[in-house]
Every structure is written in structure tokens, then in C-alpha cells.
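Notes follow once the structure below has been shown.
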Amino acid sequence: MIPPRVRFAPSPTGDLHVGGVRAALFNWLYARRHGGTFVLRVEDTDRERSTPESTALILEGMSWLGMTPDEGPFFQSERGDLYRARLTQLLDMGGAYRCWCTKDDLDAKRAEAERRKSRYGYDGTCRGVTEAPSPGAPFVVRAKLPQDGEVLIDDMVKGRVVLRNDQFDDFILARQDGSPVYNFTVVVDDIDMGITHVVRGDDHLNNTPKQVHLYRLLGADLPRFAHLPMVHGPDGKKLSKRHGAASILAFREMGYLPETMLSFLARLGWSHGDQEEFTVEELQTLFDLDGINPAAAVFDHKKLEWMNGRRMREMSTPELLARARPFIERAQIDPDLPWVPRALEALQPRANTLAALAEGLSLFAGRGPVAYDAKAAAKFLKAESRALLTELAAALEATRPFAAAAIEETVRTFLATRELKMKHIGQPARVALVGGTASPSLFDVMEIFGRDVTLARLRAAAAWSGPEA
RNA sequence: GCCCCCAUCGUCUAGUCAGGUCCAGGACACCAGCCUUUCAAGCUGGGUACACGGGUUCGAAUCCCGUUGGGGGUACCA
């Protein structure tokens with residue numbers, strides 16, 4: 001097979017969203033799998049809506065995910081000469097014509113069609129017109145398409161799709177100001193860049209016949225098409241900002257790993273038997289277009305979370321620290337504090353995102369007195385427990401080293417001597433140490449705090465005099 | 001309205017192209033149990049699905065038709 005050339009062609013009109021990322025991913029993986037080339041092309045022909053900020057966001061998202069293009073980024077806004085040349089070519093050969101219809105006229109016709117509940121399509125008023133209605137009157141350029149017959153698309157995901165030519169009209173190639181429009185630039189560029197496989201969302205399926213005609217008009221070979229199913233939100237509609245996080249960078253902020261996003265997104269619409277998780281390397285060797293499910297998929301945040309947690313749990317502490325560093329700093333904790341690695345280790349099975357991990361760290365950040373959760377204190381810091389806490393503090397004075405194993409030994413002996421169980425001291429001590437009822441193992445917590453803080457907190461709890469009120 | 005796409009547990013999916021091994025398998029979520037000082041993690045177990053109706057066939061989740069449902073498109077957006 002000749003090495004494929006594929007492209008990701010986002011338009012910079014907002015965030016790089018999850019659906020776009022998946023399209024990029026499938027293109028990128030397809031190129032990697034078959035030794036092809038992945039091209040990034042920014043489709044910024046809509047000057048009204050395109051922004052440099054959005055372009056920056058796209059580039060940043062791509063680089064965060066490690067999907068570096070082999071060629072590009074190219075910008076359509078910089079390729080005007082090419083489009084003008086092709087437009088002239090089309091005009092000269094009769095594949096396109098000037099149209100002087102005004103926007104108002106068109107809008108009126110569209111409104112009328114809507115009223116009659118029939119399909120609107122440009123009626124071809126200017127098809128045979130060669131003279132401007134008045135000298136210098138503004139015009140758009142339209143493609144001259146066959147009005148009957150049909151186009152057959154042999155889609156690699158959807159299979160054979162037949163569209164009748166009377167379903168689409170002579171669409172606009174260039175606006176009144178001469179600027180080219182999507183359906184035109186996409187074909188010109190895909191031809192110029194030698195794109196062999198057009199892999200994109202199936203919201204473009206209806207555009208494809210128009211584009212096929214352009215390929216023919218321009219005398220170019222057709223690429224293979226692969227239309228990907230959409231990614232939906234929980235309500236079954238195309239995923240968007242309305243569904244909360246749709247921007248890929250938002251997932252970075254939430255503390256998801258880029259490799260989790262890739263593995264998860266790949267599994268949304270594509271599968272390799274029952275395998276749930278993939279490394280990037282695996283994806284690059286296993287991925288292919290024939291594994292794509294033609295049905296739309298719902299983005300399942302819960303599963304993403306689970307998947308991310310699994311990856312975090314597989315990491316070594318130093319790696320976890322390195323990855324979580326920015327999040328720890330953001331939580332206003334110095335990542336280089338000596339107790340941090342130990343705390344990270346204790347928190348690891350309890351966090352599914354780097355942000356949650358950093359947040360968990362704040363449990364250990366304060367070394368002064370703790371504020372007790374009212375309900376927890378009322379329930380676990382009763383007189384009996386407080387007396388026990390005083391004794392435990394005394395017992396812990398002599399523990400050497402002050403590390404989890406030795407601490408556990410001390411505590412167990414302490415309990416055994418009194419014929420008590422862990423449940424008698426567990427929650428009271430936890431409330432004393434962290435103020436609440438949930439935390440990593442007490443022994444770990446004590447080690448992380450160190451002897452001084454541990455004893456101080458145990459004794460402070462023992463001296464607690466009940467709710468203020 | 002018209003056109004196109006899609007249809008297996010709540011969700012992601014295997015199985016569909018090459019019909020039998022599927023009274024449908026895995027995963028997330030959920031529930032229960034175990035572990036246990038809490039919360040997690042981990043382990044074990046459980047319930048839940050071939051949208052419906054017709055065909056074709058000895059036999060259909062798998063093929064065909066229709067219905068219904070969902071999604072997308074219908075711009076001087078991409």
C-alpha cells in the first residue's frame with residue numbers, strides 16, 4: 001500500500017473540542033499505522049469567526065496530546081493565490097459561473113421555500129447569465145453542478161452511500177469579496193497536498209458529493225473517504241460546550257493525563273476486540289479504519305475518570321510527583337517539601353485526577369491546629385475516646401523510628417494491652433489528626449505529619465471541650 | 001419539510017461484512033459480599049441489552065424490506 005497522506009483540518013473558531021481531537025487522533029493513528037504522513041491544516045477562511053487565540057488553543061491542545069503533525073500547520077488564509085488560480089481555472093472551463101443574485105433575493109426565496117415546507121436550493125437564475133446586470137455589480141462565484149444523476153460514495157466507515165444530485169445546488173465557491181469558501185478550499189487543498197484519505201466527522205457526509213464534483217471538475221483523482229460517527233453528550237446530541245467540558249484543554253486543567261485521553265477517545269467509536277486500554281504505541285500499531293463502529297458514541301465521563309485513575313496508580317512516586325507538580329503548585333503547596341512523596345504514595349489509590357491528588361495533599365499542608373468537622377467530632381471525640389487519645393499520645397512518644405510500620409506496631413500493642421480493637425481508636429484518632437472521617441491509613445498519616453504534629457493534634461483533640469454552642 | 005447516517009445492557013463495546021460454537025461476551029457505572037481503622041484501591045459475585053414488525057433460511061443479533069426512534073445536513077460557517 002502506498003503511504004497514506006491524511007490531514008486534520010480544524011477551523012479556529014473556538015476551543016479544540018473533544019470531537020475534533022478524536023478526528024485528529026484517528027487521522028494521526030492511521031498515518032502512524034501505515035507509515036503515512038499527517039498534515040495539519042488550519043481552515044481559517046471565515047474571517048469573521050476565526051481568531052488567532054483559537055489557533056493557539058488548537059496548536060497547544062495538539063502538542064499536549066503529542067500529536068505532532070508531519071507537515072504544517074498550514075493556514076488557508078495564506079493560500080489565497082492558489083484558490084484564485086483554481087477559481088479562474090474553473091470559470092474559464094465553465095465549471096463555475098458568476099452569480100449576481102443579491103443576498104436579499106436569496107433570503108426571500110429561502111423564506112418562501114420554508115413557508116411551503118419544501119427544500120431550498122439555489123434556483124440557477126444566473127447559470128446562463130454572462131453579463132453583469134450593471135457595470136461593476138458585485139457577484140459570487142458558484143460551482144456548476146450536474147442537476148440529475150447521482151454520486152456514489154464508497155465510504156470506508158459507512159459503506160456505499162448514494163446521494164442524488166438534485167439534492168444539492170450550485171453552491172458558492174467564492175464570496176462577493178472574492179474570498180473562497182470551505183467546500184472549495186477543502187478540495188483545492190486536499191488535491192494540492194496530495195491527501196489520499198479524507199477522515200472526518202460524518203457531519204460532512206452531505207458535503208462530500210459537492211466536493212466529489214469539484215474533484216472531477218478539477219481533473220483530480222478522488223481520495224478515499226471515511227466518515228467518523230459523532231461524539232455525543234449524555235443527552236444524545238453532538239457534544240458541545242453545553243455539556244460542560246468539551247474543550248480538550250479543560251481536561252488538562254482537570255488533571256487528566258494526555259495518554260488517558262488518547263486511549264479513551266480511541267475507544268470511542270473504535271475497538272480492538274475487548275481491549276479497554278491502550279498505550280500510544282499500541283494504538284499506533286493496532287489502529288485501523290475497519291475497526292470503526294458506524295454509530296455515534298456518548299462521551300462517558302465516569303469511564304474516563306476510572307481510566308485515568310488506573311494510569312495514575314501504575315505510576316512510580318517520582319513520576320507521579322513530576323506529573324502532578326503544576327497541580328501541587330496551583331494548590332499552593334511546595335512540591336519539594338520532604339513529606340510530599342510519602343503523602344502522594346498514600347493518596348495514589350484515592351485520586352483519579354492529578355487535580356484531585358493535589359487537593360488531597362492539602363490534607364497534610366497545615367501543621368497547626370485542625371478544624372474539626374462538627375458531626376465527626378461530636379460522634380468520635382467523646383470523653384472515653386479522648387482519654388484514650390491522651391494515652392495513645394504518650395505511647396507514641398517512644399516510637400522509633402516514627403514511621404508507619406513502627407507506629408502500627410505501637411498502636412497494635414497499645415490496643416492489645418487494653419483488649420481493645422482498632423475500631424475503638426481509629427476514627428477518634430483520624431478526626432484528631434485531619435479533622436474529618438476520611439483519610440489514608442492512620443499510620444501513614446502519622447508518619448507524614450511526624451511525631452510533633454501527631455502528638456500535638458492527638459492531645460488537642462483530647463482536650464477538646466465539645467461544640468461551642 | 002426534504003436528504004443522509006445510525007440502531008446489542010444506563011454508557012463504551014465484542015459478535016454483524018464470510019448466518020449455527022450467542023437462551024449474547026468484556027468494560028464503566030450500579031448493587032451485594034470479602035478485605036478493613038475511615039475513605040478509596042483491590043478481589044469475588046449479581047442484575048440489566050440484540051428497538052419493533054414482516055420476510056429469506058433447517059437455523060438470524062447477524063441477510064432483505066418496512067416501521068419507530070435517535071442523530072446529522074439543508075449558509076456569501078466549517
Side-chain angles (χ1 to χ4, degrees), chain A residues 9-13 43-46 48-50 99 101 103 106-107 110 113-121 138-142 153 155 157-159 161-164 166-169 171-177 179 181-183 185-186 200-209 227 229-230 232 234 236-238 264 267-277 290 293-307 309-310 313 347-352 360 376 380 408 411 415 421-431 434 436-443 445:
Chain A
S11 84
T13 53
E43 311 221 316
D44 53 355
T45 51
D46 185 341
E48 303 275 299
R49 301 195 305 149
S50 300
C99 167
C101 293
K103 198 162 194 319
L106 262 20
D107 286 345
R110 199 194 329 274
E114 214 158 290
R115 201 171 315 123
R116 296 202 322 266
K117 288 185 185 290
S118 67
R119 180 188 170 81
Y120 166 79
F139 59 87
V140 300
V141 179
R142 290 184 182 274
I153 296 158
D155 194 90
V157 174
K158 305 288 187 183
V161 181
V162 179
L163 289 301
R164 292 207 320 273
D166 61 15
Q167 287 304 317
F168 35 84
D169 57 2
F171 65 99
I172 290 175
L173 301 174
R175 305 179 178 94
Q176 271 186 356
D177 65 3
S179 64
V181 170
Y182 167 74
N183 273 118
T185 57
V186 71
R200 78 229 302 190
D202 70 12
D203 48 346
H204 285 283
L205 191 51
N206 288 288
N207 285 325
T208 306
H227 285 96
M230 300 275 90
H232 286 171
K237 302 270 202 294
K238 195 162 144 183
F264 177 77
R267 199 62 175 52
L268 223 52
W270 174 80
S271 61
H272 179 70
D274 284 332
Q275 190 171 343
E276 295 288 347
E277 297 169 280
D290 56 16
N293 181 340
V298 174
F299 188 92
D300 182 357
H301 208 122
K302 283 278 197 202
K303 190 164 184 176
L304 206 217
E305 215 174 297
W306 163 80
M307 209 176 259
R310 294 205 57 167
R313 265 165 248 132
L347 257 10
Q348 196 167 15
R350 296 172 169 77
N352 285 331
F380 294 110
E408 174 161 7
V411 174
L415 291 171
K421 296 285 190 200
M422 198 63 209
K423 67 178 175 188
H424 297 293
I425 197 78
Q427 288 302 69
R430 193 178 317 278
V431 174
V434 301
T437 53
S439 84
S441 161
L442 273 182
F443 316 123
V445 170

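Below, chains carry the letters A, B, ... as their sequence lines are ordered, and counting in each starts from 1. No hydrogens, no waters, no symmetry mates; every other heavy atom, side chains included, goes into these values.
The distance between atom CG of A/Asp155 and atom P of B/rG72, rounded to the nearest whole Å, is 18 Å. Between A/Glu408 atom CD and B/rU36 atom C1' the separation is 12 Å, expressed in whole Å. Rounded to whole angstrom, the span from the CZ atom of A/Arg142 across to the P atom of B/rC76 amounts to 7 Å. One atom, CE of A/Met307, and another, C1' of B/rA27, lie 8 Å apart when rounded to the nearest Å. For the pair A/Glu305 CD and B/rA29 P, the computed distance is 9 Å after rounding to whole Å. Rounded to an integer number of Å, the gap from A/Gln348 CD to B/rG42 C1' is 14 Å. The NE2 atom of A/His204 sits 14 Å away from the C1' atom of B/rA75 (whole-angstrom rounding). Taking atom CG of residue A/Asn352 and atom C1' of nucleotide B/rA40, one finds them 9 Å apart after rounding to whole Å.
One C1' atom belongs to B/rA24, the other to B/rG47, and the distance between them is 16 Å to the nearest Å. On the C1' atoms, B/rG70 is 15 Å away from B/rU8, given to the nearest whole Å. Taking atom P in both B/rC58 and B/rG72, the straight-line distance is 43 Å, to the nearest Å. Distance check on atom P: B/rC65 versus B/rG1 gives 23 Å, rounded to whole Å. Only the P atoms considered, B/rC63 is 16 Å distant from B/rC5, to the nearest whole Å. Comparing B/rG53 with B/rU68, their P atoms sit 15 Å apart, to the nearest whole Å. Straight-line distance between the C1' atoms of B/rC52 and B/rC31: roughly 31 Å, to the nearest whole Å. For the C1' atoms, the distance from B/rC23 to B/rC3 is 41 Å, rounded to whole Å.
Nucleotide B/rA24 is matched to nothing when pairs are restricted to Watson-Crick or G-U wobble geometry with both distances under 3.5 angstrom. Pairing for B/rC34 goes to B/rG42, judged as Watson-Crick or G-U wobble with the two contacts each under 3.5 Å. Figure legend. B/rU74 is base-paired to B/rG1; pairs are counted as Watson-Crick or G-U wobble with both atom distances under 3.5 Å. Pair check for B/rC52 finds B/rG66; Watson-Crick or G-U wobble, both atom distances under 3.5 Å.
Between the side chain of A/Asp155 and the backbone N or O of A/His227 there is at least one donor-acceptor pair closer than 3.5 Å.
For the pair A/Phe299 and A/Phe443, both in contact range of RNA chain B, the more 5′-proximal nearest nucleotide belongs to A/Phe299. Annotation: of the two residues near RNA chain B, A/His232 and A/Trp270, the 5′-most nearest-nucleotide partner is A/Trp270.
Distance check, rounded to the nearest 0.5 Å: CG of A/Leu205 to NZ of A/Lys158 gives 7.0 Å. To the nearest 0.5 Å, the span separating CG on A/Leu415 from NZ on A/Lys421 amounts to 9.5 Å. Note: A/Asn207 CG to A/Phe168 CZ = 10.0 Å, rounded to the nearest 0.5 Å. Remark: A/Ile172 CD1 to A/Asn183 CG distance equals 11.0 Å, nearest 0.5 Å.
Residue-level contact check: A/Glu43 touches the backbone only, with heavy atoms under 4.0 Å from sugar-phosphate atoms and none from bases. Counting any heavy atom pair closer than 4.0 Å across all strands shown, A/Ser271 reaches sugar-phosphate atoms only and no base atom. Nucleic acid contact for A/Pro440: base, since at least one base atom lies under 4.0 Å from a heavy atom of the residue. Among the protein residues, A/Val161 comes within range of the sugar-phosphate backbone only, with heavy atoms under 4.0 Å from sugar or phosphate atoms but none that close to a base. Within the nucleic acid shown, A/Arg110 comes within 4.0 Å of sugar-phosphate atoms alone, with no base atom in reach, counting heavy atoms only. A/Gly269 comes within 4.0 angstrom of sugar-phosphate atoms only, judged by non-hydrogen atoms across all strands, and of no base.
Nearest nucleotide to the A/Lys303 side chain, out of B/rC76, B/rC28, B/rC5: B/rC28. Here the side chain of A/Arg267 is nearest to one of B/rA75, B/rU13, B/rC28, namely B/rU13. Closest to the A/Lys238 side chain, of the nucleotides B/rG72, B/rC3, B/rC12, is B/rG72. For A/Ser439, the side-chain atoms get nearest to B/rU38 when compared with the rest of B/rC28, B/rU38, B/rG72. For A/Lys237, the side-chain atoms get nearest to B/rG71 when compared with the rest of B/rA40, B/rG71, B/rA78. Nearest to the side chain of A/Asn183, among B/rC6, B/rU38, B/rA78, sits B/rA78. Closest to the A/Val181 side chain, of the nucleotides B/rC5, B/rA40, B/rA78, is B/rA78. Nearest nucleotide to the A/Ala295 side chain, out of B/rC6, B/rA40, B/rC12: B/rC6. Across B/rC12, B/rC4, B/rA78, the shortest atom-to-atom separation from the side chain of A/Leu268 is found for B/rC12. Here B/rA14 is the nucleotide among B/rA14, B/rG71, B/rA78 with the atom lying nearest to any side-chain atom of A/Asn293.
In this structure, A/Thr13 does not reach the B/rA78 phosphate: none of its side-chain N or O atoms is under 4.0 Å from OP1 or OP2. Contact annotation: A/Thr45 side-chain N/O to B/rC77 OP1/OP2 distance is not under 4.0 Å. For the pair A/Arg313 and B/rG42, the criterion of a side-chain N or O lying under 4.0 Å from OP1 or OP2 is met.
Side chain A/Lys302 to base B/rC28: no donor-acceptor pair is found below 3.5 Å. A donor N or O paired with an acceptor N or O is found under 3.5 Å between the base of B/rG26 and the side-chain atoms of A/Glu276. The base of B/rG25 sits with one of its N or O atoms less than 3.5 Å from a complementary donor or acceptor on the side chain of A/Asp274. With hydrogens and angles left out, the side chain of A/Asp300 and the base of B/rA29 share no donor-acceptor pair within 3.5 Å.
A 4.5 Å side-chain heavy-atom check between A/His204 and A/Val186 finds every atom pair outside the cut-off.
The pair A/Asp177-A/Arg175 does not meet the salt-bridge criterion, since no charged nitrogen lies less than 4.0 angstrom from a carboxylate oxygen.
The two residues A/Ala376 and A/Thr437 have their closest heavy-atom pair at CB-CG2, 3.7 Å.
Donor-acceptor pairing under 3.5 Å is recorded for the side chains of A/Arg200 and A/Thr208.
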